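The structure appears right after this line, and notes come after that.
If you read the sequence from its start, that first residue is 1, and numbering goes on from there. Small disclaimer: the values here were computed from a predicted structure and weren't measured.
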Amino acid sequence: MDMLFCRQFFLCLAFLSISVYLHFYTTRPKKSTHIGFKNYPILGSLPEVLKNRHRFLDWTTEILRNCPTNTAVFFSLGKVHGIVTANPLNVEHILKINFENYPKGERVISLFNDFLGDGIFNADGELWKVQRKMASYAFNIKSLRNFVIDNISFEIETRLIPLLVRASEKGCRLDLQDVLERFAFDNICKMAFNVDPGCLGGDGKSAAEFMRAFDEAATLCFRRFFYAFQFILTFKKLLNIGSERRLRESIGIVHNYADKIIRSRMENNSYKQQEDLLSRFIENDNSN
């Protein structure tokens, strides 16, 4: 009787051990071996793009980090597809070595046109070459380089460092991304228009609206790429509703701010005595 009980006990114990092993072995989460953007029949990568559009940069970074070449191809409805890369060699090839082979294309230009117009950041072909030549000439002038260096040094010494020191002394937390954005915005405005918005130092109230409008316009233009169906974008533009209404308002603020500076510079001919990029472009335009 005891032998029979022992055999049954050991059989039950063995069966229980095997059951526990199989349970944990077969149900434990397995690491995904998928590399690149996940594609679905017909829809391509569209479902994943829509799912992660609110965190597009973080999502694409995660995807590219797991790709051997830090490059991935995504497909969408129809023939819409593209390449996303974080490989330095690919970036150099696209932006420098073989730049002419990678135009922005009609779709990109059309989605940014109401914000950037035909400027250098939204142009292709001969139009881009003409503007690039003018900008290259302006940036190679020693006086402009000195102008840029002097202004950046001023911004660092009188605004950025004191701001960080005050935060350190008081034990305050800073949103470093916000600080650096305001630092960059001040320098860009001084380099481009010779106007100090004072976003990093002082009250910055005079240009706060301009900065917010510029940031929102750029963000909303970028989000235009994430519409699953372009007719929705067209519909919103025609009726001037939702994000397209906010975009139009932001673009209006940006253009009005820039137009005031340009008109003032043209009316009093002050561009001849100033070293900013806008003055250089006006002077070049008037001499042709």
Side-chain angles (χ1 to χ4, degrees), residues 78-85 90-145 147-148 184-185 187-195 210-211 213-227 230 233-234 237-238 244 247-267 269-272 274-288:
K79 296 182 179 180
V80 179
H81 63 277
I83 297 174
V84 182
T85 183
N90 291 339
V91 174
E92 182 184 27
H93 174 79
I94 295 170
L95 297 182
K96 180 180 179 181
I97 298 175
N98 200 17
F99 179 77
E100 293 186 356
N101 194 48
Y102 299 94
K104 299 174 183 68
E106 294 182 1
R107 182 165 181 260
V108 173
I109 292 175
S110 65
L111 293 180
F112 278 97
N113 184 260
D114 46 0
F115 179 39
L116 300 177
D118 297 323
I120 189 172
F121 296 110
N122 200 42
D124 272 334
E126 290 301 321
L127 181 60
W128 179 87
K129 289 181 180 179
V130 171
Q131 296 184 71
R132 176 66 178 85
K133 185 177 181 180
M134 292 172 59
S136 178
Y137 172 75
F139 275 110
N140 282 328
I141 297 176
K142 185 177 180 180
S143 59
L144 180 59
R145 292 203 304 269
F147 174 79
V148 173
F185 195 81
N187 283 297
I188 290 172
C189 287
K190 285 186 283 186
M191 181 188 70
F193 308 124
N194 197 18
V195 172
F210 172 58
M211 180 179 175
F214 189 94
D215 182 65
E216 184 172 45
T219 301
L220 293 177
C221 279
F222 180 70
R223 288 179 181 175
R224 284 175 165 178
F225 290 92
F226 298 114
Y227 281 91
Q230 286 301 303
L233 173 60
T234 304
K237 290 177 69 174
L238 288 174
E244 286 301 306
L247 175 59
R248 187 170 297 182
E249 293 171 350
S250 297
I251 290 175
I253 294 172
V254 172
H255 287 180
N256 287 336
Y257 187 89
D259 287 343
K260 289 179 182 178
I261 297 173
I262 295 172
R263 282 197 300 268
S264 174
R265 201 70 55 87
M266 294 288 289
E267 288 171 357
N269 290 326
S270 60
Y271 64 87
K272 296 179 180 179
Q274 301 195 47
E275 302 294 339
D276 58 278
L277 193 57
L278 172 62
S279 297
R280 294 293 182 179
F281 270 87
I282 294 176
E283 184 176 10
N284 183 81
D285 188 59
N286 289 342
S287 62
N288 292 333

Name every donor-acceptor pair, under 3.5 Å, that has one atom in a side chain of residues 122-130 and the other anywhere in the protein, sequence neighbours excluded.
from: Asn122; atom 1: ND2; to: Ile109; atom 2: O; distance (Å): 3.2
from: Asn122; atom 1: ND2; to: Gly117; atom 2: O; distance (Å): 3.0
from: Asp124; atom 1: OD1; to: Lys104; atom 2: N; distance (Å): 3.0
from: Asp124; atom 1: OD2; to: Lys104; atom 2: N; distance (Å): 3.1
from: Asp124; atom 1: OD2; to: Gly105; atom 2: N; distance (Å): 3.0
from: Lys129; atom 1: NZ; to: Glu100; atom 2: OE2; distance (Å): 3.4

* Partners of Leu220 by side-chain contact (heavy atoms from CB on, under 4.5 Å), sequence neighbours excluded? -> Glu216, Arg223, Ser243, Arg246, Leu247
* Test side chain to side chain donor-acceptor pair (under 3.5 Å) applied to Asn90 - qualifying residues, sequence neighbours left out -> Thr71, Thr85
* Asked: In Å and rounded to the nearest 0.5 Å, what is the SG to CD distance from Cys221 to Glu244?
  -> 8.0 Å
* Asked: Taking only residues two or more places apart in sequence or in another chain, which ones pass ring pair (Phe, Tyr, Trp, His ring centres under 6.0 Å) with His93?
  -> Tyr102
* To do: Nearest 0.5 Å please: distance from the CG atom of Leu116 over to the CD1 atom of Ile251.
  => 8.5 Å
* Write down the atom of Phe225, the atom of Phe112, and the distance for their closest heavy-atom approach. => CE1-CE1, 3.4 Å
* What pairs with Glu249 under salt bridge (Lys or Arg N to Asp or Glu O under 4.0 Å), at least two apart in sequence or on another chain? -> Arg245
* Asked: What residues, two or more places apart in sequence or in another chain, satisfy ring pair (Phe, Tyr, Trp, His ring centres under 6.0 Å) together with Tyr227?
  -> none
* **Non-neighbouring partners of Phe193 that pass ring pair (Phe, Tyr, Trp, His ring centres under 6.0 Å), sequence neighbours left out** => none
* Does Phe115 CZ have over 12 foreign heavy atoms under 6.0 Å away? -> yes
* Between Ser264 and Ile261, is there a donor-acceptor pair closer than 3.5 Å when you use the side chain of the first and the backbone of the second? -> no
* Calculate, to the nearest 0.5 Å, the distance between atoms SG and CZ belonging to Cys189 and Phe214 respectively. => 8.5 Å
* Got a second to check how far Ile253's CD1 is from Asn256's CG, nearest 0.5 Å? -> 8.0 Å
* Structure fact -> For Asn101, the side-chain contact (heavy atoms from CB on, under 4.5 Å) test, sequence neighbours excluded, returns Asn98
* Residues that Lys237 engages under salt bridge (Lys or Arg N to Asp or Glu O under 4.0 Å), provided they are two or more places apart -> none
* To do: State, to 0.1 Å, how close Arg265 and Val195 come at their nearest heavy-atom pair, and which atoms those are.
  => NH2-CG2, 4.4 Å
* Structure fact -> In this structure, CE of Met191 is separated from CD1 of Ile188 (nearest 0.5 Å) by 6.5 Å
* To do: Name all residues meeting the salt bridge (Lys or Arg N to Asp or Glu O under 4.0 Å) criterion together with Asp215; count only those two or more places apart in sequence or in a different chain, and write none if there are none.
  => none
* If you round to the nearest 0.5 Å, how far is CD of Gln131 from CG of Asp118? -> 7.5 Å
